[in-house]
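Written out below as structure tokens is the structure these notes cover.
One-based numbering, in listed order, for ligands and for the atoms of each. Along the sequence shown, residues are numbered consecutively beginning with 1.
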Amino acid sequence: MATKDAKKSNPSAKRGGKKEVKKETGLGLSYKKDENFGEWYSEVVVSGEMIEYYDISGCYILRPWTMSIWETMQTFFDGEIKKMKIKNCYFPLFVSPGVLEREKDHIEGFAPEVAWVTKSGESTLEVPIAIRPTSETVMYPYYSKWIRGHRDLPLKLNQWCNVVRWEFSNPTPFIRSREFLWQEGHTAFATKVEADTEVLEILELYRRIYEEYLAIPVVKGKKSELEKFAGGLYTTSVEAFIPNTGRGVQGATSHCLGQNFAKMFEINFENEKGEKAMVWQNSWAYSTRTLGVMVMVHGDDKGLVLPPKVASIQVVVIPVPYKDADTQAILDACSKTVNTLSEVGLRVEADLRDNYSPGWKYSHWEMKGVPLRIEIGPKDLANNQVRVVRRDNSAKVDIPVDKLVEQINDMLADIQQNLFDVAKQKRDACVKVVKTWDDFVEALGQKKLILAPWCDEEEVEKDVKARTKGEMGAAKTLCSPFDQPELPPGTSLTCIWIFSLLSAIITTTVHVAPHTGWLGEERCLVISKKTN
Ligand code: 87F
């Protein structure tokens, strides 16, 4: 199918609204981040060699440059959950229709996204088989079998796998793909207290993935009743923000499922008093979407910008030979630099290819987002120094060879911190605290990340969505942040939604009492435009 998505496999083929391709190198992006964000993103993931488009819409090839970042995050997260005594397992990819149906109420809204295998070779399967979109229904029948008494609890399992959700809205590499990689954790406890504690422990690990590894600030909080996972009791999430689009992105979720699934799948146990009880469950996941957020937040007009902690190559060493210089001595100095830095555990490579110019190599590694570039030419050799260029801010410094390890380590740490600081400053500049409907509507139009008093009633949220549909882009609540803005003592919050009614009613001069209290306890929620 020749979809719009498939056409992107050769972004250089369409050059509408392009910028000049660099003459010297033939590299460079056709689109600018601030001018055409969507095309810029599609181009940067391909030119940075993270993604290759595939002939099935919404499916992408994850290239080694992507997988190494994924593996770094995986190593961190896997180590942390093992400390929490969570064990890895693997359940099958296929789900029988009967089992899937057991979760009918919750699956209902998701049903159109479930992909089915209906044939093997030429013969039609007697019973079609679903491909897992998530594994609750796959795993929980076995939880029911394995959990008998309180000594079988807690049961804490995780699996690293792929899932398939046949999305129909605009596919976007990493952010919305039909198959993606994730980890899904599914745990069962004897008490709600244990489940509640774990929900937050996992959420903190997700925050660390974003903030410490990907250098992306996130907001931790609780989802609204409308936006939570319908099958669960409550959903917590980390929310990132993309200033260019003015949209929030759900970074990862940690759900407390309560006893809903225990009821459905009969996951019971005999407690210490010998009574029959139902388990309390959690489920939590983060996916390859993390990588898309990283590209969107840090990338620039030269391509990817990788945080040093996750970059597959942290330092690239490039020889800069001149006509009459001792080329072999330069190449040897490059190899020596690689060895010195590799020995202390840094991820370093030299690009010694002789069929590309240094200028071409600079652009190539900039496109791929390598945090530091070391250039070694005759002058550097003579002065016993190397020239170092930062990818994040293009700063150039000469460093003496005998300070190499120390200074490179410092610079990498500084880049990691700087990426986070810049991203946070950009995000914070987009945050708008509003108290009234008019201010809310205005801020939404300005692509702001809105912090507003909110009563968290499903009907109210649906109404706000409906009222903001159209040019402005419907509003969607992201979460109620755990860190709430400070309010002067004695201040009472009024849900912004009531002002939308007030302005309608005021025109007919009917007096309405302030909307406080009766819809429950107002807290501030962060709100942005809907993702699609
Ligand atoms: C799509 C098709 C079928 C999301 C779906 O978030 C089912 C679903 O259940 C579905 N899309 N969900 C919700 C997933 C909930 C939960 N599962 C385990 C998570 C974390 C990991």
Does the gap between the ring centers of Tyr286 and Phe77 come in under 6.0 Å?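 Close enough - the centres of the two rings lie under 6.0 Å apart.
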Mind checking whether Tyr140 and His186 have ring centres under 6.0 Å apart?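 Yes, the ring of Tyr140 comes within the 6.0 Å limit of the ring of His186, centre to centre.
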Any ring-ring contact (aromatic ring centres under 6.0 Å, His included) pairs touching residues 216-242, not counting sequence neighbours?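 Non-adjacent pairs meeting ring-ring contact (aromatic ring centres under 6.0 Å, His included): Phe229-His255.
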I'd like a table of donor-acceptor pairs (distance under 3.5 Å, sequence neighbours excluded) in which one partner is a side-chain atom from residues 114-130, with atom names and distances.
{"from": "Ser123", "atom 1": "OG", "to": "Ser120", "atom 2": "O", "distance (Å)": "3.1"}

Residues which pass side-chain contact (heavy atoms from CB on, under 4.5 Å) with Ala466, listed by chain and number, not counting sequence neighbours: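 If we apply the side-chain contact (heavy atoms from CB on, under 4.5 Å) test to Ala466, skipping adjacent residues, there are no hits.
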Present, as a list of atom pairs with distances to 0.1 Å, all nitrogen or oxygen contacts under 3.5 Å between ligand 1 and the protein.
{"from": "ligand 1", "atom 1": "6 (O)", "to": "His255", "atom 2": "NE2", "distance (Å)": "2.7"}
{"from": "ligand 1", "atom 1": "11 (N)", "to": "Arg165", "atom 2": "NE", "distance (Å)": "3.4"}
{"from": "ligand 1", "atom 1": "11 (N)", "to": "Arg165", "atom 2": "NH1", "distance (Å)": "3.3"}
{"from": "ligand 1", "atom 1": "17 (N)", "to": "Thr134", "atom 2": "OG1", "distance (Å)": "2.8"}
{"from": "ligand 1", "atom 1": "17 (N)", "to": "Glu136", "atom 2": "OE2", "distance (Å)": "2.6"}

I'd like to know whether Asn244 forms a side chain to side chain contact (heavy atoms under 4.5 Å, CB included) with Lys33, so could you lay out the CA-CA distance, the side-chain angles of the two residues, the decisive distance to 0.1 Å, and finally the verdict. CA-CA 8 Å; Asn244 288 76; Lys33 190 178 184 183; 3.5 Å; yes
